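Have a look at the structure below before the remarks.
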Amino acid sequence: MKEKKTVSPEYMILEAPREKKFLIGNEALAEAVKRANVDVVVVYPITPQSEISHLCGDLWAAGYIKEYYRGEDELHVMASMMGAASAGVRTFTATSGPGTLRAMEPFSCWAGYRLPIVCPIMGRGVGTPANIQPDSVEIFYLLETGMIIFHVESPQDFFDMTLQAYAIAEQPDVHLPVIVFCDGFFVTHTREIVEITPDDEFLHPYDSNLSPVPAMDMEAVPVRMARDCLVIKNNFISYNANASWQQEVRAARDRARKHIDRFMGGPLEVINPDAEVLIMASGSAAAQARVAIEMAQEEGIDVGMVKIKVIRPFPAAEIARLAEKVKLIMVPEFNFIGWLAKEIKAVVNNNAKVFSGPNVFAGMTMPPEVIVDELKKLLKLAKLRR
Amino acid sequence: MDAVKIAPGFEKIMPQEYQDLVSDGPYGRNLSVKDLGTFKELIDEHPLCAGCTLTLSFRMVLASLPNPENTLIVTCAGCFGVIHPQISLHCTIAPFGTHNAFASGLKRALKVKFPDKNKDVIAMAGDGGFSDIGLAPTFHSWSRGERFTSIMLDNECYANTGGQDSGMTPEGVALNMSPLGKKFPKIEFAQVAKLAGCAYVATATPTKPRLLGQMIRRAILISREIGPSFIRIATVCQTNYKLSPIDGYNRAKGFESQIFEYFTQEAQEYIEGIEKKSPKTGLNLGVGAENED
Amino acid sequence: MKINIRMSGLGGQGLVTAANLLGRAAIYDGNYSSVAPFFGAEKRLAPTESYVRISSQKLYEKGEVTYPHVIVIFHPEVITRGKCFTMPFYAGFQPNGWLIINAESTLISEKDLENLTKLNTKIVYVPATRIAREIAGTELATNMSLLGGLIGATELVTMDGLEKAITQRYGGEKFVASATTAVLDEVLRKKYGEVKELVEKNMASVKKAYEFVKQNLER
Amino acid sequence: MSTLVSLHYGSYKVASGPEAYLSPAAASVGVVLPENGQGLVEGEIFPEEKVMEVIAEKLLTAKNPTLFPGPLVLWAWSEKSIEKAAAAQKLAAGVPGMRIIPMPDYRPKYPMINPAIEINPNHPNLTIWHNNIDVCVFIGVHCHFANVALKIIRGGTNCYTITLCGEFGHEDAMITLRDVNAKKVLKLAEVVKRMKKEA
């Protein structure tokens, strides 16, 4: 393959020209992976994630990805990613639903190892009854793994947020894994116009010398190096080191906020913030909410919306500020748990005004009409409207 | 190797052990088990049981590396996992049982990062790590032909967790999860390795150090050039088998009857080629191995 | 303008492809569109659906179309044997909608007809499979003739836009919808040998059905 | 995060301790790293020149100033590391009574550390207690391990921590400079020299 033209993430994300293409979410994601100049990809099939793995195989066959193989299962794919990322190369993988849960042990380790792996997850049902349909329940399991989590609304977000994920994951002061989460089929298989950057411009290669921990390659110092050693008392040390390590991982995630502002224009997108009612949503629920607020406004309801792009680090201060003057906050979600409502309730003063719902899950569609209907009922309940 | 040279001016403030590592370490010197006692070893004082034959094996493995300056070790939960911080190489600990998957990713990434260099990766786990919790990734890394060496430190039980039976515990042994004696036989793991496509499979004991060293070198060189290699080092957990160190050593000695080597034809030709050509590449072999003791 | 289209049929009839072509044609016409397949395992002859949203404004909504303005029925058994995810097949149908059915003759029960009449539904029968067999020489072009029938009735996209979409689709660019779609593409390529012929045959099926519907509507 | 810690959000002061049983990470209570050309002093952003002067003052008034060089400068692994090592030594030589205690690597040592001669990020407090270090300077330590150590030091000792970071700096230190290369270390050494003269 001929010499690649490489560019900075700042240029690619913020300045590069864009071309419109009619793509499904998985194709948009593959275009991002191609531009991200990825070294090692390990994959495993699961619906609805498999297509991106196929597309990565094509990218490898065409020379855009340097190493690629199908692993034995998600637990070990994610362990292989740990190996590859520890060596100090740029990595990519993806999974879905039961795969996410199978991989929970390595997922709980990635952040502590300070590995800048980018891993999209195409959310689907987990547990029994079995279900391959879109669902955002998996984020609930991932919230406290120390990883950064973005929630994708559309194929366009999938392209943008994947590149933003690499830019932010690899900052020396952050250097953490990023989960780019979408609600399964709603994004992966929906075809829309996506604006993408030129396909002959690639991100600069990853430089492991900027890592906050030494690369595991017997080139970086110190040669006497136990990467991610057991920091426990049988090595004659205080538990304080273990605690301090854990704090540092969360601190690194907090440092990402500055980069999120720069590369993503902040963790939130706000429409009509002065309205008396706000719908707060993430992922495809935000897409449905956009349509719902227009419908509700036509019916004379003073409503705005907040799309929460970044779930971790959670934009607590920003949400608390927005919630101050609002009379009612409604949180529609594509899952049974209502984890986003819980997150919002935890950071908002007077949180009795935060209502979870509609909660639609197991692949059921959430028509905007349903959101409007539930909003009207809530307004009555909150006596804001007769 | 610049990574083990002290920056000018800082030599005198470095603690003695680091100065020793620089002046007398094994990097780039092609040392072997028979040189033990003449150089600063890659393993420091560690927290494992005194007189442990597994630890002795680990020490011999480290002394036998053909290129320690380019060797990386992936461990997982187990006694040797506890001592990985005491090794003067790049080491890590993978989630339990995932060592061979971790090593697959590591080795492939190193090949991408340094296409012109040999980086020897060793996945090291215990009998439980390989035969129970890590069986799937072990088998698959071999069937994919991953180019690294797997070393099983077989002490016939889960020792670090307090003495439970593993797939490699012999039938009838009563341990903490087999109170009435283990009901099924020890797994023929060498057969698994052959079946999965290892180019080199061997069983060693720490009671034959030079032979063990020869096997380690062969395994590493074969995994570099030919295909995956596997060595089981037969030891015993003296603590959980309630043996004195001497009895533990003697039990390991009893395993000498299990010593064997298997090569694919390609691996055999390759090893014969280099051992003939350059006995000094560490493969000062053919001699010594049989004449030990 | 914002139109929601639901296509119901059986796996292998080309619903996903039809939806993609319709969506892309809308974009060539200068509108916005969003296309989604029914999200399930891909199985031949099992019930399946695909969805298209077309609008003059940017579209955000995701997921299946719950409240369609247009319903296209790819196989009579969707109606007669209930091989359909939404029961009845016109669940959520908006008033004054178009119902395009691939059949030679009427097959809607009296009860359903009564409901549809209340909704002021315009019903159009297109013998799409017959047209496909006659014009393209294969039933695999049923989706093409149905698209012809659809735009003959609704003029949702222009013939020009659709032709561009079909040329783009079969013009060699890699297309990712599902693994099974890729397999069927191979069958068609083998059958025709040349991309040009494939596009021509497809367009001929589209046009034949389009004219059929125009003539019938005039009558 | 505990309620008590979160109450500090946005007004947290990064000061020498002993602060708490377990100090919070400064980044998690709202301290933000400086931009290029800036540094942090006790959590506040100042221009680099000003920060260098504060560092010089701290070093020159310390009872027992100590340099903690980490692996990135202790080992001769690149031209830049050798240059930076030389610059660090020059800086130390310019501060009266400054000693150098190395942090050769990051692994937990067994069975014990000798706090008289080395510092280890897993128990840096031992070295500081042992040597009564009141002001220290980190240089050439990988950021992750520097932050781990800095929090332990702040929690359990009264040592005033300064970091000369090659990347983006450390909120967990009382003073931090970012993008520090050999040239910048030499510039700091010059500032120390000038201020020593002025005093």
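Order of the sequence lines fixes the chain letters, A, B, ..., with proteins taken first and strands second; residue numbering starts at 1 for each chain. Computed from a predicted structure; not experimentally measured.
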Under a 4.5 Å heavy-atom cut-off, does chain A meet the side chain of B:Asp44, its backbone, both or neither? side chain
Can you name the closest pair of heavy atoms from A:Tyr113 and B:Ala94 and give their distance? OH-CA, 3.8 Å
Please list all pairs meeting side-chain hydrogen bond (donor to acceptor under 3.5 Å, both in side chains) that have one or both residues in residues 92-109 of chain A, counting only residues at least two apart or in different chains. A:Thr100-A:Glu138
Testing the basics here: between B:Leu106 and A:Ala87, what is the closest heavy-atom pair and its distance to 0.1 Å? CD1-CB, 3.6 Å
About how many Å separate SG of B:Cys91 and CE of A:Met218, when rounded to the nearest 0.5 Å? 8.5 Å
Give the interface residues of residues 131-139 of chain B toward chain A, defined by a heavy-atom separation under 4.5 Å. B:Ala136, B:Pro137
B:His90 side chain to A:Pro214 main-chain N or O, any donor-acceptor pair under 3.5 Å? no
Please look at B:Thr71 and chain A and tell me whether the side chain, the backbone, both or neither of the residue comes under 4.5 angstrom of a heavy atom of that chain. backbone
Heavy-atom pairs under 4.5 Å with chain B - which of A:Asp39, A:Asp217, A:Val89 has more of them than the others? A:Asp217
Does any backbone or side-chain atom of B:Glu45 lie under 4.5 Å from a heavy atom of chain A? Answer side chain, backbone, both or neither. neither
Kindly check if the number of other-residue, nucleotide or ligand heavy atoms within 6.0 Å of OH (A:Tyr141) is above 12? no
To the nearest 0.5 Å, what is the distance between CE (A:Met225) and OG1 (B:Thr92)? 8.0 Å
Part of B:Ile73 within contact of chain A (heavy atom distance under 4.5 Å): backbone
Indicate the atoms forming the closest heavy-atom contact of B:Gly105 with A:Tyr69, along with that distance. N-OH, 3.9 Å
Answer with side chain, backbone, both or neither: which region of A:Met216 has an atom nearer than 4.5 Å to a non-hydrogen atom of chain B? both
So, B:Lys119 and A:Glu219, do they make that salt bridge, N to O below 4.0 Å? yes
Select one option (side chain, backbone, both, neither) describing which atoms of A:Pro222 are under 4.5 Å from chain B's heavy atoms. backbone
Of the backbone (N, CA, C, O) and the side chain (C-beta and beyond), which part of B:Ile87 lies under 4.5 Å from a heavy atom of chain A, both, or neither? backbone
How many angstroms lie between atom CD of B:Glu146 and atom OG of A:Ser80, to the nearest 0.5 angstrom? 7.5 Å
Contact origin within A:Arg70 toward chain B - heavy atom pairs under 4.5 Å: backbone
Contact class of A:Ala215 relative to chain B, heavy atoms under 4.5 angstrom: both
Quick one: of B:Arg108, B:Lys111, B:Lys117, who has the most non-hydrogen atom pairs under 4.5 Å with chain A? B:Arg108
Proximity breakdown for A:Val42 and chain B, heavy-atom pairs closer than 4.5 Å: neither
Select one option (side chain, backbone, both, neither) describing which atoms of A:Tyr206 are under 4.5 Å from chain B's heavy atoms. neither
Could you tell me if the side chain of B:Pro95 sits less than 4.5 Å from the side chain of A:Met78, heavy atoms only? no
Looking only at heavy atoms, the pair that brings B:Phe102 and A:Ser86 closest together is CZ-OG, 3.5 Å
Count the heavy-atom pairs under 4.5 Å between each of A:Lys66, A:Glu67, A:His76 and chain B, then report the option with the highest count. A:His76
